[in-house]
Amino acid sequence: MDTYDADGITLERVEEYIWEIPQEGEMNTPARVLASEELLDQIADDKTLQQLKNSTQLPGVQQHAICMPDGHQGYGFPVGGVAGIDAEEGCISPGAVGFDINCGVRMMTTNLSYDDVQGHEEELVESLFANVPSGLGGGGVVESDVETVEEILDRGVEWALDEGHAVEDDLAHCEDEGRRPDADPAVVSQKAKDRGKNQIGSLGSGNHFLEVQRVTDVFREGVADSYGLSADQIVVLIHCGSRGLGHQVCTEYTREVEQAHPELLDQLPDKELAAAPAGSQLAEEYYGAMCAAINYAWVNRQLIMDRTRQVFERVFDRSWEEMEMNLLYDVAHNIAKKEDHEIDGEERELYVHRKGATRAFPAGHEEVPRAYRDVGQPVIIPGSMGAGSYVLRGGESSMETTFGSTAHGAGRTMSRTQAKDEFWGEDVQDELRGQKVYVKAQSGATVAEEAPGVYKDVDEVVRVSDELGIGDTVARTFPVCNIKG
DNA sequence: ATGTGC
């Protein structure tokens, strides 16, 4: 049998890019890794595979816990991990959702071409940096109070629509139409709401960014047409999450779950996987709070997009409608969601945990927006500043292979600390300028931490997704201007 | 990721 020996864990090859950790001991199911050998080499020596194996001990996990091609180690559960867990007899785990609840990306298209933007890069990057709040701490597009935060938590992008920060079309092109109805602002703490008050419409730090990009390649013409994408076109990518509010929700519920359900914790090999049993009060409360943080993150990205439209209006002296700055789609990268999936020929409701993974529903699925239903859900995969990003569409085999999911990014190869030893921010910036990429950041350290060299090969991640038929490549983009914390 | 951790 074809096997791969990692540090203490042996994987068995099931198919070309599917590897299995067989069920043994306390595992409730086997685990699977979707990767090429080249990608496996990158996670063979760290905790990724052990964390994935551990997660199969969560009660109610179905079929197998799965690691996407870009997976790497995270808090308790891999970033790039997907677990479908029975919503009646299983559990929900904050650590398997992630700290940055609804960290995600949206892409906005334009009718500008790269020619229209060349010569304006400096002005554009300066103006975006001056007008889109970024960095650690407070300061957002809007300042607000706890009552407004509660409305945002409850209503998501519908709030932004009423306030004039969105148009109807923006809602139609967002996962869940920009609102999780299961949100319950009453179970989000005062402290979380306070942290959220002055961060509405802000990028944050780390790997979060706003990037003006040009489309360099189109791989599936028909799908690209449906998405409104074509070669040389200018698009805008916004990558950020729920800031301090989501972080606070995760922190508080992780602790509460540990304390309230020690019997479940005792069954698990890692405290970081702490979970609330399905049906318990805490499971309901965490789900309500997480959905509220999801709504907050969608409003966050919406307000940043709104501000970006205004910046383009000033720089190019035209209305955003004239420039056809329309939202292509917005996808969540860190969430759990109640979804019905077919398990052994039977429909079951699952908490699908996607941590550093993207929903990738295929053509025909009723939750794909009408405009894209014939071709499949758009999937947006940000890459590094030196490699560019991809647009995919949900593939035909995603439902049976990955609970309707695919990868979410390139995945880091080294820690932030290590990155700062290897790279110097200004050098990275100069090198990128040589590739006509204009970068402006609050701190040089962030540029070093996000240097192209700290990321895996996004081409390989996307190739494996395409080969598996879980997410098919549609188009590729390359950065023009990038702003970050 | 995060007013950067027990």
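What separates NE2 of H247(A) from P of dT4(B) is a distance of 9 Å, to the nearest Å. The nearest whole Å value for the distance from the OH atom in Y75(A) to the C1' atom in dT4(B) is 14 Å. Look at CG on D194(A): it is 18 Å from P on dT2(B), rounded to the nearest Å. Between E252(A) atom CD and dT2(B) atom P there is a gap of 17 Å when expressed in whole angstrom units. One interatomic measurement links the two molecules: CD of E272(A) to P of dC6(B), which rounds to 10 Å at whole-angstrom precision. Summarising the geometry, the separation between NZ on K271(A) and C1' on dG5(B) is reported as 13 Å, rounded to the nearest angstrom. Distance CG (D100(A)) to P (dT2(B)): 6 Å, rounded to an integer number of Å. What separates NZ of K484(A) from P of dT2(B) is a distance of 12 Å, to the nearest Å.
Applying the ring-ring contact (aromatic ring centres under 6.0 Å, His included) definition to pairs two or more places apart or across chains, none involves residues 127-148 of chain A.
At a threshold of 4.0 angstrom between heavy atoms, the contacts of Q199(A) are confined to the sugar-phosphate backbone, with no base atom among them. Here S242(A) lies out of heavy-atom contact (under 4.0 Å) with every strand. If you check every strand for non-hydrogen atoms under 4.0 Å, R416(A) touches sugar and phosphate atoms only. Within 4.0 Å of K355(A), counting heavy atoms only, lies no atom of the nucleic acid at all.
Contact record, E158(A) with L171(A): CG-CD2, 4.0 Å, taken as the closest heavy-atom pair.
Between the side chains of T473(A) and D466(A), at least one donor N or O lies within less than 3.5 Å of an accepting N or O.
Just one of V79(A), T48(A), I43(A) meets the side chain to side chain contact (heavy atoms under 4.5 Å, CB included) condition when paired with Q73(A); it is T48(A).
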